[in-house]
Number of protein chains: 2
Amino acid sequence: MHNHLETAHQCIELVPIFKTLSVEDLKQVTSLVHEQQFTQGETVFAAGTHADALMIVAHGQVKVYQGAANGREQLLYLLQPGDFDGEAALFKEVTRTSSAVALVDTNVCMISRQAFQALLQRAPQLALNMVNAFGERINRLERQTTAVTTTSVEGRLADYLVETAASFPSGAQFTLPMPKKDIAVYLGTTPETISRKLKLFEDAGLLQRFAGNRVQLTDVDQLALISD
Amino acid sequence: MHNHLETAHQCIELVPIFKTLSVEDLKQVTSLVHEQQFTQGETVFAAGTHADALMIVAHGQVKVYQGAANGREQLLYLLQPGDFDGEAALFKEVTRTSSAVALVDTNVCMISRQAFQALLQRAPQLALNMVNAFGERINRLERQTTAVTTTSVEGRLADYLVETAASFPSGAQFTLPMPKKDIAVYLGTTPETISRKLKLFEDAGLLQRFAGNRVQLTDVDQLALISD
DNA sequence: TTTTTTACTTGATTCACGTCAAGTCACGTA
DNA sequence: TACGTGACTTGACGTGAATCAAGTAAAAAA
C-alpha cells in the first residue's frame, strides 16, 4: 500500500527530533533510513543484543518491555506511529536492556548510528532536539513509576481506558488496542484482574462491554475520578 | 571547611557531563556556578515552580520525589555528591514536576540556563555529553519501574541494603543514610513494613541492627539472592 | 533534668490482588 | 460437523503488605 520512499518519508516527518530540520536535511535523513517490516508477534529487537540503530515506528504498534528474574515483565512503552526507541545507540555502543515485539503488523524505520553521526555533522542542532526528546521521556518514566507505586490497579485501568478512549470519537464504541494479556502487563497486573475490574466498572454503570473486545465508556468523568 | 572556589571546583569535577571539557572550559564553568547551602530538611526546589538552573550536589544528600493525588509520594532519585538534576531546564522553560529536599546539610552548585547556554557556545560537545547522561538516567528509571512492579518489598529492601553497604568498607557497620520513612517511600512501601522486614532479616541472621539506625550486613551473598 | 516531639517498633486486622483451577466462548481447521 | 487452540471469564483461596492502633525509644527543646 505504500512504497518505500513514501513510508520512510512519512515516518521521518512524524518524529519530533527531526521537526526543526531544513527540507534539504530532511531529504538526507529520508535517504538514510532503512525500512523493515514485522508481522504480528514478531520480535523487533531483543534484550541483550547489540544496539546500533534508532527505531521509529511508521505504521502499527510496538511494545517495549523489560523482563525480570522471576519471569514477570514490565511494559515500558507502547510505541505508536512516530514514536521511537533506541536513541542511546546513536552515540555509543550499548546493549539493549529491553525487548520489543510488534503487537500488530508493523513497519519501522531504522537509522544506523553511522548514518546518524553523518547527519549530526550537517545539523548539529539535532543534539539539542535529542536532549529535549530525552527530557520528555524521563518525565514520562517518572510519572509512570510514581503511578505504578502510588495508585491501585483499578485506578490505573480507569486511567488507561479514559486515555485510550480519547483517541476515538467521544462516547463511541471502540476496540481495545491490545489483548487483555498485554493490557495486564502494561498496567502491572494480570489478565484475571483486568477482567474482574472491567466487570466491576460495567456493574457500576461506567461502561458497557461488547463482543470482540469492544467497549463503550458511559461515564468518562466518573472513570477519570477513580485514579486516586 | 571549604571556601567557595574549592567547593565549586570539586563539584564540577565530579559531574560526568563536564568530564571531557578542556582545562580552560572547566575554569569557565567553575566561574559560572552559583553555590548554595541547605540545612537538613530544607527544600531545594519544589514541584510546580519554574526551573531555570541545573543543580549539582557538592556535599550532602538530596532526595527528589514526586507527589501523587492521594497524598502518597514516590522517591525518584537519591542524589549523592556529583549527581545532578534539572538538566531539562538548561534548554527551555520548564515547570518542575518533582520536589527536592536536603536529607542532611548539603551544598549544591547551580548553573543557570543562561550560563550554560554561553558554555554550550564554547564547547558544543557538551550537548552530546548531556545526551549520554540522559540515556543513563532513562536506563535507571526503566530498571526502577520494572523492579517496583516485579519484585517484592523484601527483595527491594535486600537490594537496597546491599547497594548501600557497597559504599562502605566491606563488612563494616554503617548508618542508614536516611530515616526509615524515606527508605519506605523510596522502595514504595511503608515504615512499618521496613521495620518488620529488617527484623526478619535480623532473625534470619543476615544482618545485625544497632542503635542510631546502624546496621551491619553479615551475609551479603544471601541478601543479594533474595531480590528475586 | 524533665518535657515534648519525633522516629521507630510491634501487634491485630483488613484488603487488594495474585494464583490456581475450572469453565466458557470464539475462531480457525480438518 | 466435530475438534482443537488460545483468549477471556469466573470462582475459591491464599498471602503480602497496607492500615489502624498502641506502645517504646530516642532526640530535641524547655
Side-chain angles (χ1 to χ4, degrees), chain A residues 40-41 63 68 70-74 101 103-104 147-161 175-204 207-215 226-228, chain B residues 39-41 63 68 70-74 101 103-105 147-161 175-204 207-215 226-228:
Chain A
Q40 183 175 27
K63 72 164 180 176
N70 52 12
R72 285 221 206 150
E73 62 178 45
Q74 168 64 31
V101 293
L103 287 176
V104 297
V148 168
T149 56
T150 59
T151 72
S152 63
V153 171
E154 205 168 307
R156 277 175 273 152
L157 177 58
D159 252 7
Y160 173 77
L161 288 172
T175 305
L176 291 173
M178 41 178 181
K180 297 239 163 56
K181 197 177 69 176
D182 285 319
I183 298 179
V185 169
Y186 185 52
L187 300 176
T189 181
T190 60
E192 292 96 324
T193 300
I194 296 285
S195 198
R196 280 187 250 273
K197 294 299 180 189
L198 277 179
K199 189 184 184 202
L200 195 145
F201 289 158
E202 188 173 35
D203 290 348
L207 56 81
Q208 279 186 283
R209 288 190 288 171
F210 304 93
N213 269 330
R214 299 181 66 74
V215 294
I226 294 180
S227 354
D228 289 338
Chain B
T39 59
Q40 182 174 27
K63 73 163 179 174
N70 53 10
R72 285 220 204 150
E73 62 178 47
Q74 169 64 30
V101 294
L103 286 175
V104 297
D105 290 359
V148 168
T149 55
T150 60
T151 73
S152 65
V153 170
E154 205 168 309
R156 277 175 273 153
L157 178 58
D159 251 8
Y160 173 78
L161 287 172
T175 305
L176 290 173
M178 42 179 181
K180 297 238 164 58
K181 196 177 69 176
D182 286 319
I183 298 179
V185 169
Y186 186 52
L187 300 176
T189 180
T190 60
E192 293 97 322
T193 301
I194 296 286
S195 198
R196 280 186 248 274
K197 294 300 180 189
L198 277 179
K199 191 185 183 199
L200 193 146
F201 288 158
E202 188 172 36
D203 290 349
L207 57 80
Q208 280 186 282
R209 289 189 289 171
F210 305 94
N213 268 332
R214 297 182 66 75
V215 294
I226 295 180
S227 354
D228 290 340

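These numbers come from the heavy atoms of this one structure, side chains and all, not from hydrogens, waters or symmetry mates. Below, read A as the first sequence line, B as the second, and so on, with proteins coming before strands; counting in each chain starts at 1.
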So which heavy atom on [X] is nearest to which on [Y], and how close?
| X | Y | result |
| --- | --- | --- |
| B:Leu187 | B:Ile194 | CD1-CD1, 4.0 Å |
| A:Leu176 | A:Leu161 | CD2-CD2, 4.1 Å |
| A:Lys181 | A:Pro191 | CA-CG, 4.1 Å |

For residues [X] and [Y], determine if any side-chain heavy atom of one lies less than 4.5 Å from a side-chain heavy atom of the other.
| X | Y | result |
| --- | --- | --- |
| A:Leu198 | A:Leu207 | yes |
| A:Leu157 | A:Thr189 | no |
| B:Met178 | B:Val104 | no |
| B:Asn213 | B:Lys180 | yes |
| B:Val148 | B:Arg156 | yes |

Please enumerate all residues that pass side-chain contact (heavy atoms from CB on, under 4.5 Å) together with B:Gln208, with sequence neighbours excluded. B:Phe210, B:Gln216, B:Thr218
Please identify each residue that fulfils side-chain contact (heavy atoms from CB on, under 4.5 Å) with A:Ala147, with sequence neighbours left out. none
For DNA chain C, note the earliest and the latest nucleotide, 5' to 3', having some atom under 4.0 Å of a heavy atom belonging to chain B. C:dC8 to C:dA12
Salt bridge (charged side-chain N to carboxylate O under 4.0 Å, His left out) filter on A:Asp182, not counting sequence neighbours, yields A:Lys63
Quick one: which residue pairs count as a salt bridge (Lys or Arg N to Asp or Glu O under 4.0 Å) with a foot in residues 187-202 of chain A, not counting sequence neighbours? A:Glu154-A:Lys197, A:Glu202-A:Arg209
Tell me the interatomic distance from [X], atom [atom1], to [N], atom [atom2], rounded to whole angstroms.
| X | N | atom1 | atom2 | value |
| --- | --- | --- | --- | --- |
| A:Lys180 | D:dC8 | NZ | C1' | 6 Å |
| A:Leu200 | D:dT10 | CG | C1' | 14 Å |
| A:Leu176 | D:dT9 | CG | C1' | 15 Å |

Residues in side-chain hydrogen bond (donor to acceptor under 3.5 Å, both in side chains) contact with [X], at least two apart in sequence or another chain:
| X | answer |
| --- | --- |
| A:Thr193 | A:Thr190 |
| B:Asp105 | none |
| A:Ser195 | none |

So if I take residues 181-189 of chain A and measure heavy-atom distances to DNA chain C, which residues fall below 4.0 Å? A:Gly188, A:Thr189
Reading nucleotides 23-30 of chain D from the 5' end, what letters show protein touch, with B for base, S for backbone sugar-phosphate only, - for no heavy atom under 4.0 Å? --------
Residue whose nearest DNA chain D nucleotide is more 5′ - A:Arg209 or B:Thr190: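 The answer here is A:Arg209.
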Within residues 192-199 of chain B, residues whose heavy atoms come under 4.0 Å of DNA chain D: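 Here the set is B:Glu192, B:Thr193, B:Arg196, B:Lys197.
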So if I take the C1' atoms of five pairs at each end of the helix from C:dT1-D:dA30 to C:dA30-D:dT1 and get each local axis, what angle do the two axes make, rounded to 10 degrees? 30°
